[in-house]
Amino acid sequence: MLEIKFVIQNLSLVQEVLSLRGETADLKSLASCDAKRRDILLEIEALRHRRNKVSEHIAIMKKEGEDTENFVNEMRKVSGQIKNLEKILTEMEEKVKNILIGLPNIPHASVPAGKDSSENKTIKQVGKCPDFGFEPKPHWSLGESLGIFDFDRASRITGARFPLYFGAGARLERALINFMLDIHTTEHGYKETLPPFIVNRQSMTNTGQLPKFEEDLFKLEGWDYFLIPTAEVPVTNIHQGEILNEDLLPIMYVAYTPCFRSEAGSYGKDTRGLIRQHQFNKVELVKFARPETSYDELEKLLNDAETILKRLELPYQVISLCTGDLGFSAAKTYDIEVWMPAQDVYREISSCSNFESFQARRANIRFRRKGKKGTELVHTLNGSGLAVGRTVAAMLENFQQPDGSVIIPEALQPYMKTSSIQKEKKT
RNA sequence: GGAGAGAUGGCCGAGCUGGCUGAAGGCGCUCGCCUGCUAAGCGAGUGUGGGGUGAAAGCUCCACCGAGGGUUCGAAUCCCUCUCUCUCCGCCA
């Protein structure tokens with residue numbers, strides 16, 4: 001959420017951002033409702049002041065046995081007026097809030113301008129794309145023939161877009177999760193956390209998934225709860241409503257969770273393989289930072305995510321999302337895209353964003369500066385470190401051998417307890 | 001699922017026969033004093049959000065005692081609904 005004052009004072013800037021992102025909002029009525037809200041508030045406060053004073057006076061008169069009826073009658077009227085005005089005030093506040101909560105974040109100055117993903121800027125490419133002496137196979141057929149995943153059975157258990165792993169496949173997911181958690185906790189200084197996988201409406205609203213993107217979520221029937229689409233939601237909400245100790249900043253968490261996404265509107269896209277599933281595993285990095293260091297923290301976070309790809313010897317590129325491709329809550333986002341040789345494309349495997357105070361304002365996460373009065377909103381950041389299913393897909397494709405087996409990179413071998421994946425016996 | 005207890009400031013904890021209580025007391029924290037050092041001690045200050053005014057410091061007003069409603073001239077205190085926490089019983093991984 002943006003600050004109301006900021007929006008009112010920068011209507012044209014906000015309008016511009018909206019059109020850059022291809023969105024609309026009723027900024028005119030936002031301005032008029034806010035003006036009305038302030039007028040009424042002023043009036044209410046004056047009346048309340050009067051009521052407080054007179055009520056105090058009535059108390060004293062009563063003690064001295066004086067007749068208070070005139071005052072009581074007057075105050076009865078004043079209270080009625082206040083009640084009526086409060087009704088209008090609440091109405092105005094709701095209107096303002098409804099518009100405000102639907103406004104996306106303002107992109108940072110360093111974000112490239114552009115209308116869609118075609119105008120994203122490539123920052124760098126790292127690692128060497130493998131040169132096979134044969135036609136590389138897509139990960140789904142590799143995985144199926146190795147017997148390490150089984151999409152047919154998964155669709156019978158649940159439906160389309162659910163994973164079912166066996167043997168080395170299941171082990172590879174688990175190994176990657178542990179590998180990633182270990183690096184981020186022991187080398188990068190993140191604190192491990194294991195949050196709830198189901199959250200309430202407030203938490204979803206705080207991080208920006210709601211109210212606009214409810215169709216992307218799985219909702220629990222009979223409860224106002226949702227399956228998390230990313231650990232960002234429960235982990236960012238750990239500190240909702242808190243005033244953090246300045247000395248603790250930046251607070252850095254790493255969490256493994258499964259993620260659940262309805263993938264509404266992506267019918268027919270990436271129907272095969274592990275790329276787009278309703279359920280997938282992810283290791284997520286989340287930071288709470290001082291505003292003045294948040295962009296340095298974003299670079300570090302990106303670097304922390306990149307480390308995983310480097311250790312796994314996977315080729316990738318980093319892109320900076322342009323204004324038109326930026327997510328709703330983000331002020332700046334880097335995507336890391338891993339090389340998928342069978343499809344001859346880079347695919348997103350991590351998304352690292354700085355939300356500045358956008359989420360913190362919604363979730364009311366603040367800190368106090370030493371020697372300064374008042375509080376200040378923190379900046380929140382997060383990034384995948386990494387999406388596990390897509391890492392499995394990339395490993396299969398990049399490390400496949402002519403005989404259909406897959407080599408395990410050295411760094412992961414202690415976790416896999418093997419140096420290659422061979423065909424599983426089918427059950 | 002049944003029965004009961006509770007939710008107050010950064011923390012602990014009074015108040016809850018309605019009226020100088022934004023809230024006692026303690027702890028913590030900040031500044032000052034004292035002390036050879038540490039500990040202790042002494043003094044002062046210390047919630048959040050919003051509005052008005054002011055260059056600023058400040059002054060001033062309004063709201064907030066889990067959330068939302070109600071009663072009343074007036075609610076932390078009374079009533080209703082909800083949420084959460086704890087204890088006991090039952091059930092269960």
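Given the structure is predicted, the values throughout are model-derived calculations rather than measurements. Letters A, B, ... are given to chains in the order of the sequence lines, protein chains preceding strands, and every chain is numbered from 1.
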Using Watson-Crick or G-U wobble geometry with both distances below 3.5 Å, tell me the partner of [N], or none.
N: B:A23; result: none
N: B:C42; result: B:G32
N: B:A67; result: B:U81
N: B:G74; result: none
N: B:U17; result: none

Does a side-chain N or O from [X] land closer than 4.0 Å to OP1 or OP2 of [N], or not?
X: A:Arg48; N: B:C62; value: no
X: A:Lys5; N: B:G49; value: no
X: A:His49; N: B:C61; value: no
X: A:Arg38; N: B:G51; value: yes
X: A:Arg50; N: B:C62; value: no

At 4.0 Å (heavy atoms only), tell me whether [X] reaches a base, stays on the sugar-phosphate, or touches nothing.
X: A:Lys62; result: base
X: A:Thr68; result: nothing
X: A:Leu42; result: sugar-phosphate
X: A:Lys53; result: nothing
X: A:Asn52; result: sugar-phosphate

Q: Scan A:Glu74, A:Gln81, A:Glu45 and name whichever one has a side chain to side chain donor-acceptor pair (under 3.5 Å) with A:Arg50.
A: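 Passing option: A:Glu74.
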
(Q) With side chain to side chain donor-acceptor pair (under 3.5 Å) as the test, pick out the partner of A:Tyr295 among A:Glu356, A:Lys332, A:His379. (A)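 By the side chain to side chain donor-acceptor pair (under 3.5 Å) criterion, A:Tyr295 pairs with just one of A:Glu356, A:Lys332, A:His379: A:Glu356.
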
Among [options], the one nearest [X] by side-chain distance:
X: A:Lys83; options: B:C73, B:G52, B:U71; result: B:U71
X: A:Leu41; options: B:G50, B:U48, B:C84; result: B:G50
X: A:Ser79; options: B:G74, B:C84, B:G47; result: B:G74

**Q.** Polar side-chain atom of A:Ser329 near backbone of A:Thr207 as donor-acceptor pair, under 3.5 Å
**A.** yes

Q. Sub-3.5 Å donor-acceptor pair from the side chain of A:Asn120 to the main-chain atoms of A:Cys322, do we have one?
A. yes

**Q.** Span that lies between the C1' atom of B:G51 and that of B:A14, in whole angstrom
**A.** 33 Å

Q) If we take the P atom in both B:G49 and B:G4, what is their distance in whole Å? A) 41 Å

Which label fits [X] and [Y]: parallel for a plane angle under 30°, tilted from 30 to 60°, or perpendicular past 60°?
X: A:His57; Y: A:Phe71; value: perpendicular
X: A:His188; Y: A:Tyr190; value: perpendicular
X: A:Tyr253; Y: A:His239; value: parallel

Q: Could you state the atom-to-atom distance from CD of A:Glu45 to C1' of B:C62 in whole Å?
A: 4 Å

Q. Which of residues 204-211 of chain A have a heavy atom under 4.0 Å from RNA chain B?
A.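 Those residues whose heavy atoms fall under 4.0 Å from RNA chain B, taken from residues 204-211 of chain A, amount to none.
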
